[in-house]
Protein chains: 2
Amino acid sequence: MDGNAPEIKRGRKYAQVVAGARKVFLAEGFEGASVDHIAREAGVSKATLYSYFPDKRILFFEVAKEECASQADRALQVDRTDLPVREMLSHMAHSMMEFLTSDFAQRIFRICVAESDRFPELGQEFYMSGPQLMEDRLSDYFSHAVARGELKIDDVRLAAQQFEALMKADIFVKKVFNILDKPEPEQVDRVIDGAIETFLARYGA
Amino acid sequence: MDGNAPEIKRGRKYAQVVAGARKVFLAEGFEGASVDHIAREAGVSKATLYSYFPDKRILFFEVAKEECASQADRALQVDRTDLPVREMLSHMAHSMMEFLTSDFAQRIFRICVAESDRFPELGQEFYMSGPQLMEDRLSDYFSHAVARGELKIDDVRLAAQQFEALMKADIFVKKVFNILDKPEPEQVDRVIDGAIETFLARYGA
DNA sequence: GTCTGTTTAGACCAATCGGTTCAGTTTCGA
DNA sequence: TCGAAACTGAACCGATTGGTCTAAACAGAC
């Protein structure tokens with residue numbers, strides 16, 4: 001994590017500042033969050049804040065980057081390779097679904113989409129630690145499953161992207177656009193079971 | 001809620017105002033667009049603008065709503081029911097893909113995602129005239145195809161959602177997060193052909 | 001030509017913003 | 001205990017914002 005940032009001076013209250021910024025940015029977005037508000041929330045003077053970060057954009061970028069990185073950790077670990085494929089897929093999908101529909105993930109997603117025009121690097125950072133990471137892990141698992149003869153896949157990356165897309169169908173989009181508040185368990189099961197069924201129809205051994 | 005807006009007075013230069021607002025909002029987003037800029041772009045005085053729209057939010061909402069509605073028309077028409085299923089799916093997917101990856105659609109998507117916190121109705125409007133519309137049209141087509149014995153589908157809506165998700169896999173997400181500028185034709189073919197293959201593996205007759 | 005409603009340019013307002021400055025206080029290692 | 005570095009709080013700045021107001025110019029129907 002500690003790739004030393006190029007021009008960011010760290011001081012005693014560095015963590016406080018970032019924590020405060022995290023809270024306010026997450027709640028208000030980039031434009032919506034005022035520096036005064038952040039400083040107040042962080043329990044720190046504005047002068048201190050500006051002694052760490054040359055300007056607001058860099059503070060935001062730092063927060064967003066940390067957030068994207070931590071997202072990677074919160075995402076599921078795929079370890080239970082002993083399970084049958086069907087159960088394994090179900091387990092991964094449910095785990096991912098829970099994260100993706102959380103208010104936290106939704107807020108990050110929203111902000112990254114919104115600000116990735118202003119900060120192209122931010123969008124890329126998010127993609128790498130979000131969808132790309134998921135794709136990598138799925139690819140790994142699929143490769144092993146293919147080697148064990150449990151799946152038959154020609155293009156592993158495409159298969160991973162497809163499964164990712166299938167399990168997000170309906171619910172994720174509806175959440176993003178406020179059509180859905182909290183998805184019902186049976187609704188989740190319908191989408192995930194459907195995703196697995198379709199996926200295995202093509203790639204099942 | 002259809003028809004004439006409740007409190008919006010229309011005057012001679014109404015169309016100009018909306019056109020100017022459309023241009024600036026699309027380019028700058030809600031916060032980024034200043035009312036002065038919009039008025040200048042529309043070739044209209046700020047007083048005139050405010051005589052039509054009580055405030056900026058309502059102007060934005062009006063523009064966004066019109067934009068969502070027109071999006072519906074730009075989206076593909078599904079008429080060629082004579083084609084074989086595989087060609088039909090390919091035709092629809094390519095048509096949708098071209099629209100979805102256009103700068104225009106991307107900008108609208110970005111704005112709707114970003115502002116659907118501030119304007120929940122906006123997100124819903126977008127969903128209805130975007131993903132939902134697509135789902136409806138696909139559902140219609142699938143139903144007929146099932147009736148003709150060309151497809152075997154138990155849950156038509158889920159199948160539509162799945163096809164929509166499959167054809168957007170990889171490319172759409174990468175476009176949103178600035179990983180991809182303009183997708184290569186062979187990349188598009190790979191995703192779409194893969195989507196059709198997977199879809200038909202499950203639902204083909 | 002007159003009359004009525006629309007439109008105009010721009011001055012104006014209060015609020016807020018990001019960012020700076022500085023004199024004074026706190027912290028903490030040596 | 002001393003002194004440098006970190007931190008504070010608030011005043012301050014220039015720019016920009018959404019929104020109002022006014023007095024004059026303009027439009028089209030009669």
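Below, chains carry the letters A, B, ... as their sequence lines are ordered, and counting in each starts from 1. This structure is a prediction, so every number in the text was calculated from the model and none was measured.
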Separation of atom CG in B:L59 from atom P in D:dG19, rounded to whole Å: 10 Å

Sub-6.0 Å ring centroid separation between B:F199 and B:F142: yes

Separation of C:dT7 P from B:Q16 CD (nearest whole Å): 9 Å

Closest-nucleotide ordering on DNA chain D, the 5'-leading residue of A:S45 and B:Y50: A:S45

Under 3.5 Å side-chain donor-acceptor pair for B:R110 and A:S116: yes

Upstream residue (5' side of DNA chain D) when B:D36 and A:K13 are each assigned their closest nucleotide: A:K13

Side-chain donor/acceptor contact of A:K46 with base of C:dG19 under 3.5 Å: yes

A:A47, nearest nucleotide to its side chain (from D:dG9, C:dG18, D:dG18): D:dG9

Below 3.5 Å is the cut-off: list the nitrogen or oxygen pairs between protein and nucleotides 25-30 of chain D, distance only.
none

Stretch residues 27-34 of chain B: residues that reach within less than 4.0 Å of DNA chain C through a heavy atom: none

Flag side-chain contact, heavy atom, 4.5 Å: B:V18 against B:F53: yes

Atom-to-atom span, CG of B:L49 to P of D:dG19 - whole angstrom: 10 Å

Aromatic centroids of B:F177 and B:F172 separated by under 6.0 Å: no

Nearest-Å distance for atom pair CG/P, residues B:D55 and D:dG19: 5 Å

Atom-to-atom span, CZ of A:R40 to C1' of C:dT16 - whole angstrom: 12 Å

Axial cation check for A:F30 ring with A:K56, 6.0 Å and 45° limits: yes

Side-chain N or O of B:T48 closer than 4.0 Å to phosphate OP1/OP2 of C:dT7: no

Distance test, side-chain N/O of B:Y52 to OP1/OP2 of C:dT7, below 4.0 Å: yes

side-chain hydrogen bond (donor to acceptor under 3.5 Å, both in side chains) partner of B:K23, chosen from B:H37, B:E41, B:E28: B:E41

Basic-acidic side-chain contact under 4.0 Å: B:R40, B:D36: no

A:R157 with A:E135: basic N within carboxylate O range, under 4.0 Å: yes

B:T48 versus B:S51, side-chain donor and acceptor atoms under 3.5 Å: no

A:Y14 OH - D:dC7 P separation (whole Å): 13 Å

Separation of atom CZ in A:F60 from atom C1' in C:dG18, rounded to whole Å: 16 Å

